[in-house]
Peer 1: 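Below you will find the structure I want to go over with you.
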Amino acid sequence: MSSIPHDSEKAAAATAGLPDAAPSGRDSSHGDSTDNTTEKPRPAGLAKADSKVADAKDEAADADADADPYAHLPEREAKILKDQVYTPDAKVGLATLYRYASRNDMLIIAVAAVCAIASGAALPLMTVIFGNLQGTFQSYFNPEATMTYDEFVAEMGRLVLYFVYLAIGEFVTAYAATVGFIYTGEHISAKIREHYLESCMKQNIGFFDKLGAGEVTTRITADTNLIQDGISEKVGLTLAAIATFVAAFVIGFVTFWKLTLILMSTVVALMLCMGTSSRFIVKFSRANIAAYAQGGSVAEEVISSVRNAVAFGTQDRLAKQYDSHLVRAEFFGFRLKSTLAVMVAGMMSILFLNYGLAFWMGSRFLVGGEVSLSKVLIVTMSVMIGAFNLGNVAPNVQAFTTALGAAAKIYSTIDRKSPIDPSSEDGAKLPEVVGTIRLENVKHIYPSRPEVVVMDNVSLTVPAGKTTALVGASGSGKSTIIGLVERFYSPIEGAVYLDDVDISTLNLRWLRQQIALVSQEPTLFGTTIYENIRHGLIGTKWEHEGPEKQRELIEDAAKKANAHDFINSLPEGYETNVGERGFLLSGGQKQRIAIARAVVSDPKILLLDEATSALDTKSEGVVQAALEAASAGRTTITIAHRLSTIKDAHNIVVMQQGQIVEQGNHDDLLEKRGAYYNLVTAQAIAAVNELTAEEQEAIDKEETEALIRKASTRNKEGTVPEDPEDDIQAKLNRSQSQQSASSMALAGRTPAQKKKYGLWTLIKVIAKFNKQEWPLMMVGLVFSVISGGGNPTQAVFFAKLISVLSVPVNEQTIPTIQSEASFWCLMYLMLGLVMFIAYISSGVIFAKASERLIHRVRDMSFRSMLRQDVEFFDLDENSAGALTSFLSTETTHVAGLSGSTLGTIISVLTTLIAACTVALAIGWKLALVCIATMPIVIGCGFFRFWMLAHYQRRSKKAYAGSASYASEAITAMRTVAALTREEDVLAQYRASLEAQQRASLVSVLKSSLLYAASQSLMFLAFALGFWYGGTLIARYEYDMFQFFIVFASVIFGAQSAGAVFSFAPDMGKAVEASRELNTLFSRQPTIDTWSAGGDKVESVQGNIEFRDVHFRYPTRPEQPVLRGLNLTISPGQYVALVGASGCGKSTTIALLERFYDPLAGGIFMDGKEISSLNINQYRSFFALVSQEPTLYQGTIRDNILLGAPHEVSDEQVAFACREANIHDFILSLPEGFGTVVGSKGALLSGGQKQRIAIARALVRDPKILLLDEATSALDSESEHVVQAALDKAAKGRTTIAVAHRLSTIQKADIIYVFDQGRVVEQGTHAELMKRNGRYAELVNLQSLEKHR
């Protein structure tokens, strides 16, 4: 262990700028809520300390600072920093979206657009044929007409052929338009992706510090998908819809302008219906999302701090809190779905009312002799088609606007000029590199943190061919030097020279090719080991050598790096893929590959940034040897935390707070007894604490034997499974016996198998949640049946009207025509109203039921999650984020299996059955022929919508692979820059995009066939119906009424049935989601908080005993944590557990709270094993104060009350707060106990949160108080206050404290010193200091750290 915390230099640099005396700078979210920058004498009374409240003025000041973070710097320095992070905003119009379209793209788009317009215009043309056919029928039946059988058949055949031509035309144009737009959309968005990544590769590192790799990846995945969405098939659809609208009205006006003008009212009605509904829909959906978002953040808070909820047994109350948000979400969700139902109902009734109006006005004109019936039909149908197609435009317009918004973000990055551009050819290249590096008066500030000066006036010379080491505390500016030599950043003042040439005048790519960098975390790319090492050859004279030469270089480099042997022992040798099989390699092995990559090009300069700090002792030795071999004869700058690794350096430079304090070689610096001497002695003490490899081996062996004994007593045969002698495992330095022991102990814990559930079980599970609503839902189903009957009924009205209106007009017939027409038109009015009521009723009822369902499912899921044991939350797939998103998305999918789906299905079935029945009853011959086309017509309706959804899904999936490649490159940007891999990354990205485009082109060519067919087959069904019906009419088998009733009911019925499918929620997702839910509900944790089993515990003394406890975390079974722990705690004692980190102190606390059960051994309380006790009663005697205090949204009072297992009075709350030293502070707040703490308590400082957490622990008046490093996250001022509160709290109870700072536990009754998962020493502070063992070392070590 080193004495210097291993956190990244970057984070610590923030504290480096503060004056020494100030406590460490805790940046709180609102101004400085802990006074840490003003030097003021410490207040004498502890009560007053740490009680500053963030107020609004601080926030205003913060806002100003946000406006210009560089305002405090001189102009020249501010400009250098701004250049490194500033991004101009790009203006984006429609033309810019197509900025990267090639000439071919433009041609294809033009052709596709023409095709789209043609395919749109074809729909209304159908109405003309339809009308003319009706006219032909009418004249054939007209007594005065002289049309012969042959003439009629010929005329009919001609018109029917037009349907066939239309079908062919529609197929071709729809196909061409879809393929054209999807292809160009894909092509152009791929170009944008490519330019975007290229631009990212050119940017300087400061740009990424500001943005974060996550944002860049989001843009390359999500935003480019949005752009592609806006320029692909939606453009074609919109054009087609507009063309349909225009063509329909042109046809209408040409045919008969008066009626068309009157029917324009339908368009207005539809627009009003959709417009008003969509306003409400947007409003309610926002409110619904907002209400759920609050619930989601409650869930996220609870799940991310689940140990706290488990320890205090507050699951039920937290679930109630979550539920209160769900109630609001349900309220708005119901409103939302009901509005949707009203909109659908409105559209349906407008459809029927429109027919009524058209025939009524039409009959007036007809009687007046102004128009023929066929023209009335043409106008009516084309207006209908036109009006409904206008509705298709609105959703697509939204896609265009989102695309423009996304493009603005992306183009602003593409257009950014990088101040340090590795792709530029400018700058000199030195003919010969010696390798001397010199820094002169360098001052540096990171652009992302302008308030901290990281290096101040540093001058340093690194002689060629020698090793120079940089040492110092975290944040002292060591890594910054490496960043400046690599020219990741530009210094604000001064310059860096290579062989006396300022590096900012050299060509950047050439400069980086002379330098090799090995950083702390080895970044390898997701390709083979061979390729990873080969990356080091990029840009060198060997880059284009033959493969034999390259392999030779690579193997030499691997030998130098001590990696050749272990690579060959891997199953695939150098061809092992690091990405997929990365887990096969330990940290040390990855690091050695990184070293091989660094030395393969024989660089003149080698930079090692803590290359061994992330490794364990065993691998460190090997890697260190590799590094020493590698650095021989090169200019090497090495940064080290472990000083033992740099004893042999030619020059050691000691840095503090961005300045050089002293330099010289190891021996000279030790004689000076300065900063270096202090560092060395501190580390020497730490070294004593570490076990030697032999001790380690002995302990392992002993533990293994213990576990095997345990295991063999468990399974009576006493068999011990042997591990096969397995070379790579041995290479991973896991001793074989240890491997088998842990697998033994964990063999009993088999992973839960995924159960397979049948569809029926799932439907039953879902139905359970809607039990109470079933009477309501039956009513809903009745209304569904009624709404399904609308279409066949309207077919009867339609046929009646046509036969009434086709009677020849003369004096005698006019009165009958008028009265009959009026009657049937009023029937349409009635039908419209009935449909309106039926659609609304079923819609609203199912909205209620499905919202109830979602509400209950969410509530139940959340409770089931909180029921699980802590082990469940340790699994990677159950991170807080994953579970929260499960609660928000999966639960809503379930609605797909609920009543509304059932309603849809029933309504469709009613339509089809009724249509067939009516048709067969009236004319079975024609009915059978029409029914034969039904599957096709329904299929067309369904596939049309399904294909559109499929296009969306496909475009998202297609780019997932290349996107993850791009994000890998961007996340490892420093490594990419240091290896000058930019061109290489781009070339690979381009290749993967092209492969994807080829693949998706093939799939689009195939899938568009289906789409085009679904658009055109309709016409063929029409043609068949008319042709056969016409033949029957020609033989006088049928009259016009029979023909139209059969034709209309079957064909139109099937059409509407197909369209309804598109409204149905996705059933596939629903089945998947309910499967997941069922798995969650039926998962029974081993430590089950819902169980009432176990012995009742009314009161406890508090005798606690650990007997030979062995434990490993289930998620890391190879890592032994406790190895035979024995300790006893008597009632009322203050017990402290101390030791290095990772020695099992916190685990002991977790086992006491029974978050886990030990693998072997037992924990006893008052002589009973705790696993036999009732879990909730047992936990009620404990209170836990952990390292990170967890507060939930709500007031301070709410948070404190969460600790109490039952009702408590305000006096008790106030008493607990006084005990926790927080009472006065709470009363000083304007709202007192009613103060809201913000999400996760963000509005309070750390010390304040921790004291509220202590009050929460005390309110339950626990027998046993567990303190898990309760003060380690605080600065010294708050620590004093909190420590005082803890000492007060511990009086008169058994207290078990885990401490890092030993000063806090000197008063303990007994101190247990842990090491490697067992107790090595015990006693009081004084006794242990006398023994002068481990404890004494720890104490000395900490006092040294203080003086430094």
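This one's a predicted model, so the numbers in the text were calculated from it and none came from an experiment.
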Peer 1: Any idea how Phe769 and Phe1081 line up, ring-wise: parallel (<30°), tilted (30 to 60°), or perpendicular (>60°)?
Peer 2: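 Rings of Phe769 and Phe1081: tilted, as their planes differ by 30° to 60°.
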Peer 1: May I ask you to decide if Ser1209's main-chain N or O and Gln1212's side chain share a donor-acceptor pair within less than 3.5 Å?
Peer 2: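 Yes; judged by distance alone, with no hydrogens or angles, the pair exists.
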Peer 1: Working to the nearest 0.5 angstrom, can you tell me the gap between Ile1087 CD1 and Ile1175 CD1?
Peer 2: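 Rounded to the nearest 0.5 Å, the CD1-CD1 separation comes out at 6.0 Å.
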Peer 1: Give a yes or no on whether the backbone of Val1097 and the side-chain of Gln1177 come within a donor-acceptor separation of less than 3.5 Å.
Peer 2: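 Indeed, once roles are kept as given, a pair shorter than 3.5 Å links the two residues.
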Peer 1: Pro1114 and Phe1111: which non-hydrogen atoms are nearest, and at how many Å?
Peer 2: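 So the two residues come closest at CD-CZ, 4.4 Å.
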Peer 1: Would you kindly check if the NZ (Lys) or CZ (Arg) of Arg1256 is within the cone defined by 45 degrees around the ring axis of Phe312 and under 6.0 Å from the six-membered ring centre?
Peer 2: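 Cation-pi check for Arg1256 and Phe312: passes.
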Peer 1: Give a yes or no answer on whether the side chain of Lys1145 reaches the backbone of Phe1314 with a donor-acceptor pair at less than 3.5 Å.
Peer 2: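 Pair absent, no side-chain N/O of Lys1145 close to backbone of Phe1314.
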Peer 1: Taking atom types as modelled, find out whether Asp1157 and Ser1171 have a side-chain donor-acceptor pair closer than 3.5 angstrom.
Peer 2: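 On atom types as modelled, these side chains do not qualify, holding no pair under 3.5 Å.
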Peer 1: Can any side-chain N or O of Asp1166 pair as donor or acceptor with the backbone N or O of Asn1103 at less than 3.5 Å?
Peer 2: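 Indeed, once roles are kept as given, a pair shorter than 3.5 Å links the two residues.
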Peer 1: Specify the closest pair of heavy atoms between Ile1226 and Cys1217, including all atoms of both residues, with the distance to one decimal.
Peer 2: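 Shortest heavy-atom separation between Ile1226 and Cys1217 comes out as CD1-SG, 3.9 Å.
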Peer 1: List the residues meeting side-chain contact (heavy atoms from CB on, under 4.5 Å) with His325, not counting sequence neighbours, and say none if there are none.
Peer 2: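 Scan of His325 (side-chain contact (heavy atoms from CB on, under 4.5 Å), adjacent residues dropped) gives Gln294, Val298.
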Peer 1: Counting N and O atoms only, with roles assigned by atom type, does the side chain of Arg858 sit under 3.5 Å from a partner on the main chain of Ser888, one being a donor and the other an acceptor?
Peer 2: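 Yes.
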Peer 1: Would you find a donor on one side and an acceptor on the other, under 3.5 Å apart, between the side chain of Asp1309 and the backbone of Tyr1134?
Peer 2: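 Side chain of Asp1309 to backbone of Tyr1134, a donor-acceptor pair under 3.5 Å: yes, one is there.
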Peer 1: Does this structure show an ion pair linking Asp316 with Arg863, if we count only N-O contacts that are shorter than 4.0 Å?
Peer 2: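 Yes, Asp316 and Arg863 are salt-bridged.
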Peer 1: Hey, is CD on Glu1207 packed in by over 12 heavy atoms from elsewhere, all under 6.0 Å?
Peer 2: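 No.
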Peer 1: Would you confirm whether the ring centroid of Tyr1113 sits within less than 6.0 angstrom of the ring centroid of Tyr1156?
Peer 2: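 Yes, close enough.
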Peer 1: Would you call the rings of Tyr322 and Phe862 parallel, tilted or perpendicular if under 30° counts as parallel and over 60° as perpendicular?
Peer 2: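 Answer is tilted, since the angle falls between 30° and 60°.
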Peer 1: Are any of the side-chain nitrogens in Arg1107 or Glu1105 under 4.0 Å away from the carboxylate oxygens of its partner?
Peer 2: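 Glu1105 and Arg1107: salt-bridged.
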Peer 1: Do side-chain atoms of Thr1294 reach the backbone of Gly1132 as a donor and acceptor pair under 3.5 angstrom?
Peer 2: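 Checked: pair present.
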Peer 1: Any donor-acceptor pair under 3.5 Å linking the side chain of Arg1179 with the backbone of Arg1154?
Peer 2: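 Such a contact is found between Arg1179 side chain and Arg1154 backbone.
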Peer 1: When you measure from the side chain of Gln1250 to the backbone of Ser1186, do you find a donor-acceptor pair of N or O atoms at a distance under 3.5 Å?
Peer 2: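 Indeed, once roles are kept as given, a pair shorter than 3.5 Å links the two residues.
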Peer 1: Under 6.0 Å from the ring centre and within 45 degrees of the ring axis: does the NZ or CZ of Arg317 meet both conditions for the six-membered ring of Tyr1192?
Peer 2: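 No, Arg317 does not sit over the ring of Tyr1192.
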